[in-house]
Peer 1: 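Sending over a structure as structure tokens; questions will come in a sec.
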Amino acid sequence: VSSDRTATRIARDIKQAIRAETGLTASAGVAFNKFLAKIASDVNKPDGLFVIPPERAASFLAELPVGRIPGVGRVIQASLEDLGIRTCGDLMRLSLAELEERFGRRGAYFYEIARGRDERPVEPNRERKSISIEDTFPSDADDPSWLLGRVRELAEGLAGRARAAGVRGRTVTLKLKLADFKIFTRSDTLPSPTDRAEDLLEAGTRLFRQSGLVGQRFRLLGLGLSHLDDGSAAEPPPADQMSLPLDTGDAGRD
């Protein structure tokens, strides 16, 4: 069995496990290095699986917008587009010397990444600094009650991931992507670490209501947990603790 087929099967298994555990969808990408796998995972959100085999990498990259390259923000993207560089195919027409002259040490990175070269190792056992979950909607949504329902699902999914990882966290971050693809984040640091869905829901709901964006059309919501510990110092929640009901009656008010 070829390695890409094996990886594809693993990706499908992971997606199925996420759905079974959290009820949420997940997108996945399969490729021969970290850069291409990350790009592939964004192709068919929110519930897709995209594979870039080695023989298709060159044609895929030729049409890839430079804004999709990790590390290329709006300023660098504008600088590249001023040079007529809008895709990795365009970027490949510049020599290493030209790129280094214009972008310094980043020039070598752009030169390699435009050709699909990424030698960074995968580090599955590195220390986890944060844990997060996202939900990209099939169509833009502006109904506060519906959106708070998605916050509830994210809180439950994030709590499951935290427990599976054996961690608790103090800082809850809500990610909001609008219909125009502008991204905003709102964060709150809790008094003590938690992995409880109730705590995450309460914080996420509060952050949404206080975001100043209620009434806007949203493309994506995400929820994250950081400032993690292994949970060993935290008190376990009472066995008879009840789930908090989701009150959406005043979702449109700050």
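These numbers were taken from a predicted model, which means no experiment stands behind them.
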Peer 1: Check the hydrophobic clustering (I, L, V, M, F, W, Y; side-chain heavy atoms under 4.5 Å; chains of links allowed) and say if I131 and L200 are grouped together.
Peer 2: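 Same cluster.
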
Peer 1: Flag yes if I39 and F32 sit in one hydrophobic cluster, no otherwise; membership is Ile, Leu, Val, Met, Phe, Trp, Tyr, and two members link when side-chain heavy atoms are under 4.5 Å apart.
Peer 2: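 Yes, I39 and F32 fall within the same hydrophobic cluster.
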
Peer 1: Please state whether the rings of F137 and W146 are parallel, tilted or perpendicular, taking 30° and 60° as the class boundaries.
Peer 2: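 The arrangement is perpendicular - the two ring planes meet at more than 60°.
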
Peer 1: What's the separation between atom OG in S79 and atom CD in Q77, rounded to the nearest 0.5 Å?
Peer 2: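 Atom-to-atom, S79:OG and Q77:CD are 10.0 Å apart.
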
Peer 1: Which heavy atom in G204 sits nearest to a heavy atom in L174, and how many Å separate them?
Peer 2: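 Here G204 and L174 meet closest at O-CD2, 3.9 Å.
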
Peer 1: Taking all non-hydrogen atoms of both residues into account, name the closest pair between H227 and T171 and its distance.
Peer 2: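 Closest approach of H227 to T171: ND1-OG1, 2.5 Å.
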
Peer 1: Between the main-chain N or O of G169 and the side-chain N or O of D229, is there a donor-acceptor pair closer than 3.5 Å?
Peer 2: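 Such a contact is absent between D229 side chain and G169 backbone.
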
Peer 1: Can you tell me how far CD1 of I85 sits from CG of D90, rounded to the nearest 0.5 angstrom?
Peer 2: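 D90 atom CG to I85 atom CD1 measures 7.0 Å (nearest 0.5 Å).
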
Peer 1: Taking atom CZ of R219 as the centre, report whether more than 12 heavy atoms of other residues, nucleotides or ligands fall under 6.0 Å from it.
Peer 2: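 It does: R219 CZ has more than 12 such atoms within range.
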
Peer 1: Would you name the heavy atoms of I133 and L158 that are closest together and state the gap between them?
Peer 2: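 Of all heavy-atom pairs spanning I133 and L158, the closest is CG2-CB, 4.0 Å.
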
Peer 1: Given side-chain contact (heavy atoms from CB on, under 4.5 Å), test L36 with L61 step by step and report yes or no.
Peer 2: CA-CA 9 Å; L36 287 171; L61 284 167; 3.9 Å; yes

Peer 1: Are the side chains of R68 and D42 in contact, using a 4.5 Å heavy-atom criterion?
Peer 2: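 Yes; the side chains approach each other to less than 4.5 Å.
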
Peer 1: Using side-chain heavy atoms (C-beta onward) and a distance below 4.5 Å, is R170 in contact with T189?
Peer 2: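 Yes - at least one pair of side-chain heavy atoms lies under 4.5 Å apart.
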
Peer 1: Applying side-chain contact (heavy atoms from CB on, under 4.5 Å) to V172 and L190, what does each step give before you reach the verdict?
Peer 2: CA-CA 8 Å; V172 179; L190 306 179; 3.9 Å; yes

Peer 1: Do the side chains of L80 and R86 get nearer than 4.5 Å, heavy atoms only?
Peer 2: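 A side-chain contact is absent here, since even the closest heavy-atom pair is not under 4.5 Å.
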
Peer 1: Drop me the distance from Q216's CD to D140's CG, to the nearest 0.5 angstrom.
Peer 2: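 Q216 CD to D140 CG: 11.5 Å, rounded to 0.5 Å.
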
Peer 1: For the CD atom of E202 and the CZ atom of R206, what is their distance to the nearest 0.5 Å?
Peer 2: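 E202 atom CD to R206 atom CZ measures 5.5 Å (nearest 0.5 Å).
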
Peer 1: List the residues meeting salt bridge (Lys or Arg N to Asp or Glu O under 4.0 Å) with D135, not counting sequence neighbours, and say none if there are none.
Peer 2: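 For D135, no residue satisfies salt bridge (Lys or Arg N to Asp or Glu O under 4.0 Å) once neighbours in sequence are set aside.
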
Peer 1: Tell me whether L213 is reachable from I183 by hopping between hydrophobic residues (I, L, V, M, F, W, Y) whose side-chain heavy atoms are closer than 4.5 Å.
Peer 2: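 No, no single cluster joins them.
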
Peer 1: Transitively linked via ILVMFWY side-chain contacts under 4.5 Å: V72 with M92?
Peer 2: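 No, no single cluster joins them.
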
Peer 1: Which heavy atom of D142 sits nearest to which heavy atom of L147, and what is that distance?
Peer 2: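 Taking D142 first and L147 second, the nearest heavy atoms are C-CD1, 4.0 Å.
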
Peer 1: May I have the step-by-step check of salt bridge (charged side-chain N to carboxylate O under 4.0 Å, His left out) for E134 and K175, ending in yes or no?
Peer 2: CA-CA 8 Å; E134 295 182 351; K175 178 179 177 181; 2.7 Å; yes

Peer 1: Find out whether K129 and L228 are in side-chain contact, i.e. whether some heavy atom of one side chain is under 4.5 Å from a heavy atom of the other.
Peer 2: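 No; the side chains remain at least 4.5 Å from each other.
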
Peer 1: Any side-chain donor-acceptor pair under 3.5 Å between T173 and S187?
Peer 2: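 Yes, S187 and T173 have a side-chain donor paired with an acceptor closer than 3.5 Å.
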
Peer 1: Kindly indicate whether the side chain of R102, heavy atoms from C-beta on, has any atom under 4.5 Å from the side chain of L83.
Peer 2: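 The answer is yes; the side chains approach within 4.5 Å.
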
Peer 1: Is a side-chain N or O of R161 found less than 3.5 angstrom from the main chain of S132, in a donor-acceptor match?
Peer 2: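 Between the backbone of S132 and the side chain of R161 there is a qualifying donor-acceptor contact (under 3.5 Å).
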
Peer 1: With side-chain contact (heavy atoms from CB on, under 4.5 Å) as the test, would you mind laying out the steps for L176 and K182 before giving the verdict?
Peer 2: CA-CA 8 Å; L176 311 105; K182 291 181 180 177; over 6 Å; no

Peer 1: For A40 versus V30, what's the shortest heavy-atom pair and its separation?
Peer 2: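 What the structure gives for the nearest pair is CB-N, 4.0 Å.
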
Peer 1: Which value, rounded to the nearest 0.5 Å, describes the distance between F181 atom CZ and L220 atom CG?
Peer 2: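 Separation between the atoms: 10.0 Å.
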
Peer 1: Might you work through the side-chain contact (heavy atoms from CB on, under 4.5 Å) test for F110 and L94, ending with a clear yes or no?
Peer 2: CA-CA 10 Å; F110 294 152; L94 293 183; over 6 Å; no

Peer 1: I'd like to know whether CD of E101 has more than 12 heavy-atom contacts from other residues, nucleotides or ligands below 6.0 angstrom.
Peer 2: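 12 or below, so no.
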
Peer 1: Should Q210 and R186 count as side-chain neighbours, where that means a heavy-atom distance under 4.5 Å?
Peer 2: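 When only atoms from C-beta onward are counted, R186 and Q210 do not touch, as no gap falls below 4.5 Å.
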
Peer 1: What pair of heavy atoms forms the shortest contact from L96 to A108, and how long is it?
Peer 2: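 Distance-wise, the nearest heavy atoms are CD1-CA, 3.7 Å.
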
Peer 1: If you define the side chain from C-beta out and look only at heavy atoms, does anything of R19 sit under 4.5 Å from D47?
Peer 2: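 Counting from C-beta outward, R19 and D47 do come under 4.5 Å.
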
Peer 1: Quick check: is V43 connected to V51 through a chain of hydrophobic side chains (ILVMFWY, heavy atoms under 4.5 Å apart)?
Peer 2: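 They do not share one cluster, since no chain of ILVMFWY contacts under 4.5 Å joins V51 to V43.
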
Peer 1: Can you find a pair of side-chain heavy atoms, one from F208 and one from F218, that are under 4.5 Å apart?
Peer 2: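 Contact flag for F208/F218 side chains = yes.
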
Peer 1: Starting at OH of Y111, measure out to CD of E98 and round the result to the nearest 0.5 Å.
Peer 2: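 Y111 OH to E98 CD: 10.5 Å, rounded to 0.5 Å.
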
